[in-house]
Amino acid sequence: MLDHLAIQVADVTASAAFYDQVLAPLAVARVMEFDEVIGYGSTNPPTPDFWLGPLSAGEGFRESHIAFAAADRAAVRAFFAAAVDAGAEVLHEPRLWPEYHATYYGAFVRDPDGNNVEAVCHHPE
């Protein structure tokens with residue numbers, strides 16, 4: 001349904017360092033940069049579908065929930081470990097969420113701006 005998503009962040013450098021680390025286990029990397037805007041996505045071909053940019057509009061914090069697809073449950077666990085290593089606040093450790101569906105496996109952390117960031121796999125082990 002979505003083609004891409006962009007979020008505004010208070011510190012582009014700090015947020016980019018966080019997302020560089022936590023998205024690597026999901027096979028996502030920086031694929032485009034210009035001015036203070038950074039695009040993440042698949043590298044072959046370079047397809048940015050998640051963007052970071054400087055905070056330039058609105059007042060006050062409005063939490064977003066961002067869920068990144070993981071190829072398998074091991075990638076969810078690797079995302080979680082990378083996030084913890086990056087100093088992220090843990091919201092929910094990797095586990096099944098049967099209230100969503102029987103094979104929904106996800107982990108949730110906060111990014112440097114306080115957004116709820118998830119890695120999720122929908123496949124059985």
Side-chain angles (χ1 to χ4, degrees):
M1 174 172 53
L2 296 176
D3 180 72
H4 63 276
L5 170 71
I7 63 171
Q8 295 181 6
V9 297
D11 182 335
V12 174
T13 301
S15 290
F18 174 81
Y19 283 104
D20 287 349
Q21 188 166 339
V22 303
L23 295 180
L26 305 179
V28 174
R30 288 189 200 197
V31 295
M32 191 176 293
E33 294 184 56
F34 57 92
D35 299 326
E36 288 187 87
V37 177
I38 299 171
Y40 289 87
S42 301
T43 58
N44 190 16
T47 309
D49 19 52
F50 176 65
W51 294 87
L52 301 177
L55 186 60
S56 62
E59 292 184 30
F61 175 70
R62 294 174 299 275
E63 178 182 335
S64 295
H65 174 66
I66 306 158
F68 293 99
D72 53 34
R73 293 178 184 190
V76 172
R77 291 187 292 271
F79 159 89
F80 181 77
V84 169
D85 287 347
E89 175 189 347
V90 172
L91 297 176
H92 301 286
E93 294 190 13
R95 71 172 177 89
L96 282 170
W97 295 85
E99 58 270 36
Y100 301 147
H101 66 73
T103 59
Y104 193 110
Y105 188 82
F108 301 76
V109 298
R110 289 220 184 274
D111 76 1
D113 282 279
N115 293 301
N116 177 340
V117 181
E118 173 187 7
V120 59
C121 173
H122 297 280
H123 310 294
E125 190 75 60

>> Hydrophobic clustering (ILVMFWY, side-chain heavy atoms < 4.5 Å, transitive) - are V117 and V84 grouped together?
In response: yes
> If you group Ile, Leu, Val, Met, Phe, Trp and Tyr whenever their side-chain heavy atoms sit less than 4.5 Å apart, what else falls in with V76?
Replying inline: L96, Y105
>> Hydrophobic clustering (ILVMFWY, side-chain heavy atoms < 4.5 Å, transitive) - are V120 and F80 grouped together?
In response: no
>> Please say yes or no: joined through hydrophobic side-chain contacts below 4.5 Å, possibly via intermediate residues, are M32 and L5 part of one cluster?
In response: no
> Does Q21 have any side chain to side chain donor-acceptor pair (under 3.5 Å) partners at least two apart in sequence or in another chain, and if so, which?
Replying inline: none
> What residues form a side chain to side chain donor-acceptor pair (under 3.5 Å) with H122, not counting sequence neighbours?
Replying inline: H101
>> For Y100, give me all partners under side chain to side chain donor-acceptor pair (under 3.5 Å), at least two apart in sequence or on another chain.
In response: none
> Is there side-chain contact between V28 and F68, with at least one heavy-atom pair below 4.5 Å?
Replying inline: no
>> Going by side-chain hydrogen bond (donor to acceptor under 3.5 Å, both in side chains), name the pairs with one or both residues in residues 85-96, residues two or more places apart or in two chains.
In response: none
N/O donor to acceptor pairs below 3.5 angstrom from side-chain atoms of residues 106-114, sequence neighbours left out:
| from | atom 1 | to | atom 2 | distance (Å) |
| --- | --- | --- | --- | --- |
| R110 | NH1 | E63 | OE1 | 3.4 |
| R110 | NH1 | E63 | OE2 | 3.4 |
| R110 | NH1 | G114 | O | 2.8 |
| D111 | OD1 | D113 | N | 2.9 |
| D111 | OD1 | G114 | N | 3.0 |
| D111 | OD1 | N115 | N | 2.9 |
| D111 | OD2 | Y19 | OH | 2.7 |
| D111 | OD2 | N115 | ND2 | 3.2 |
| D113 | OD1 | A10 | N | 2.9 |
| D113 | OD2 | S15 | OG | 3.1 |

> Who are the side-chain contact (heavy atoms from CB on, under 4.5 Å) partners of H123, not counting sequence neighbours?
Replying inline: C121
> What pair of heavy atoms forms the shortest contact from P25 to V22, and how long is it?
Replying inline: CD-O, 3.3 Å
>> Measuring from atom CD1 of I7 to atom CD1 of I66, what distance do you get when rounded to the nearest 0.5 angstrom?
In response: 4.0 Å
Determine all donor-acceptor pairs shorter than 3.5 Å in which one atom belongs to a side chain in residues 35-56; sequence neighbours excluded.
| from | atom 1 | to | atom 2 | distance (Å) |
| --- | --- | --- | --- | --- |
| Y40 | OH | A16 | O | 3.1 |
| Y40 | OH | D20 | OD1 | 2.8 |
| T47 | OG1 | P45 | O | 2.9 |

>> I need the full list of salt bridge (charged side-chain N to carboxylate O under 4.0 Å, His left out) pairs touching residues 38-48, with sequence neighbours left out, sorted by first then second residue.
In response: none
